[in-house]
Amino acid sequence: LEKFKKFILRERFWFDLDLVNIMGTLSEPLYYTKLKELILFLKKEFPKVKIQIRTNGTQKFWDLPLNKKDEIFIAIDGYYQKQHSKYRINSQLKDIEQNIKDHLQKGKAKLIAFHIKFEWNYKDTNKVKLLCQEMGFAGLYEIYTGLSLHGEFMAPGILKPTDNRRRDLQFKLMFQNIKDSESINS
């Protein structure tokens with residue numbers, strides 16, 4: 001964190017941060033022990049910055065120093081626990097639901113779900129949408145992979161086998177109850 005702070009402060013005249021996206025590539029971003037410190041630093045040095053965090057939602061997040069323009073994206077990859085945990089190993093929907101309830105009571109950031117479509121869950125997209133609405137999410141992004149873990153799945157109308165994008169992801173907003181619609185599409 002100290003190296004990051006020094007770099008940002010040294011190079012800040014080249015840019016003004018307006019959006020920071022915190023996500024894990026090898027692990028869950030909420031496991032980072034200095035996450036609160038990082039957010040506070042960014043908010044102090046860049047008062048207009050919007051923070052987006054992408055998480056599996058199994059760790060508490062309501063106590064992060066976020067505000068109403070910030071967004072927390074939570075993975076909901078199945079309507080049933082068995083579907084969800086096929087990709088989100090060791091992730092429990094009941095834990096996510098409890099963390100969402102806690103955040104809606106105590107937190108400030110907008111909650112947005114994202115749903116990655118695979119061969120085992122794409123037929124239940126409408127159920128996932130309803131589940132997310134019931135949980136209190138402001139929106140749901142549907143992420144089309146077009147391929148299974150084995151490479152043979154092609155959902156109708158998503159990606160064609162001849163498509164040059166092959167494994168590129170496509171995003172689609174499923175529903176939106178957010179007043180600041182530009183924030184969710186930016």
Side-chain angles (χ1 to χ4, degrees), residues 1 19-40 42-43 49-145 149 169-181 183-186:
L1 180 60
L19 175 65
V20 173
N21 193 336
I22 300 171
M23 65 177 74
T25 54
L26 299 176
S27 183
E28 166 62 40
L30 296 181
Y31 287 150
Y32 181 50
T33 58
K34 296 183 179 183
L35 182 58
K36 288 181 187 177
E37 185 181 342
L38 172 63
I39 293 169
L40 289 170
L42 290 167
K43 296 273 184 190
V49 73
K50 174 177 159 180
I51 306 287
Q52 291 182 335
I53 298 175
R54 282 162 172 68
T55 176
N56 65 21
T58 59
Q59 305 298 311
K60 75 175 186 173
F61 45 83
W62 64 264
D63 61 342
L64 292 173
L66 300 172
N67 59 41
K68 293 181 188 279
K69 74 176 175 182
D70 299 322
E71 299 168 334
I72 301 173
F73 290 78
I74 300 172
I76 305 292
D77 292 324
Y79 180 73
Y80 306 103
Q81 178 60 47
K82 187 175 179 180
Q83 284 178 332
H84 177 75
S85 60
K86 193 164 190 171
Y87 184 68
R88 303 285 168 190
I89 298 167
N90 297 323
S91 173
Q92 300 294 316
L93 285 172
K94 64 180 173 57
D95 295 339
I96 296 168
E97 190 168 9
Q98 184 59 54
N99 286 330
I100 290 167
K101 286 178 184 176
D102 292 344
H103 180 80
L104 291 173
Q105 291 176 358
K106 306 169 193 174
K108 294 180 180 162
K110 295 172 191 157
L111 297 181
I112 301 167
F114 64 94
H115 172 63
I116 301 176
K117 292 179 88 171
F118 291 104
E119 64 185 331
W120 62 83
N121 66 3
Y122 82 98
K123 291 181 181 178
D124 288 324
T125 298
N126 287 333
K127 290 179 183 177
V128 170
K129 179 180 177 181
L130 290 173
L131 176 67
C132 291
Q133 288 174 325
E134 290 170 6
M135 287 182 166
F137 284 100
L140 169 67
Y141 274 102
E142 187 174 22
I143 303 171
Y144 296 96
T145 61
L149 295 177
L169 299 179
Q170 295 176 314
F171 297 89
K172 177 183 176 189
L173 181 63
M174 293 296 293
F175 66 92
Q176 182 175 344
N177 296 328
I178 297 175
K179 292 185 179 30
D180 179 12
S181 64
S183 69
I184 199 168
N185 295 319
S186 57

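With sequence neighbours excluded, the residues satisfying side chain to side chain donor-acceptor pair (under 3.5 Å) with Gln98 are Asp102. With sequence neighbours excluded, no residue forms a side chain to side chain donor-acceptor pair (under 3.5 Å) with Tyr32. Asn67 meets the side chain to side chain donor-acceptor pair (under 3.5 Å) test with no other residue; sequence neighbours excluded.
No donor-acceptor pair under 3.5 Å is formed between the side chain of Lys108 and the backbone N or O of Pro65. A donor-acceptor pair under 3.5 Å is formed between the side chain of His115 and the backbone N or O of Ile76.
Atoms CZ and CG, on Phe73 and Asn56 in that order, are 15.5 Å from each other to the nearest 0.5 Å. To the nearest 0.5 Å, atom CG of residue Leu131 and atom CG of residue Asn126 are 12.5 Å apart. For the atom pair Thr33 OG1 and Leu38 CG, the distance stands at 11.0 Å (nearest 0.5 Å). Distance check, rounded to the nearest 0.5 Å: OG of Ser91 to NZ of Lys86 gives 15.5 Å. Of the inter-residue distances, the one linking Ile53 atom CD1 with Leu111 atom CG reads 11.0 Å to the nearest 0.5 angstrom. Residue Glu97 holds its CD atom at 4.5 Å from CE of Met135, rounded to the nearest 0.5 Å.
Counting heavy atoms from C-beta on, the side chains of Tyr80 and Lys127 come closer than 4.5 Å. Residues Arg54 and Asn21 are in side-chain contact: their nearest non-hydrogen atoms beyond the backbone lie under 4.5 Å apart. Side-chain contact between Leu30 and Thr58 is absent, with no heavy atoms from C-beta onward closer than 4.5 Å. In this structure, the side chains of Asn121 and Tyr87 stay at 4.5 Å or more apart for every pair of heavy atoms. For the pair Lys36 and Asp63, the minimum side-chain heavy-atom distance is below 4.5 Å. Phe61 is not listed as a side-chain neighbour of Leu66, based on a closest heavy-atom distance of 4.5 Å or more. For the pair Glu71 and Leu19, the minimum side-chain heavy-atom distance is 4.5 Å or more.
Residues Glu28 and Thr55 bring a donor and an acceptor atom of their side chains to less than 3.5 Å of each other.
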(request) Report the C-alpha separation of Arg88 and Ile116 in whole Å, then their side-chain angles, then the decisive distance to 0.1 Å, and conclude whether the side chain to side chain contact (heavy atoms under 4.5 Å, CB included) test is met. (result) CA-CA 10 Å; Arg88 303 285 168 190; Ile116 301 176; 3.5 Å; yes

(request) Would you sort out whether Ile74 and Phe137 count as a side chain to side chain contact (heavy atoms under 4.5 Å, CB included), showing the intermediate values? (result) CA-CA 9 Å; Ile74 300 172; Phe137 284 100; 3.9 Å; yes

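The heavy-atom pair separating Thr125 from Lys117 by the smallest distance is OG1-CE, 3.2 Å. Nearest approach of Leu140 to Cys132, heavy atoms of both residues: CD1-SG, 4.1 Å.
Taking a 6.0 Å sphere around NZ of Lys82, one finds it holds 12 or fewer heavy atoms contributed by other residues, nucleotides or ligands.
Applying the salt bridge (charged side-chain N to carboxylate O under 4.0 Å, His left out) test between Asp70 and each of Lys110, Lys43, Lys50 identifies Lys43 as the sole match.
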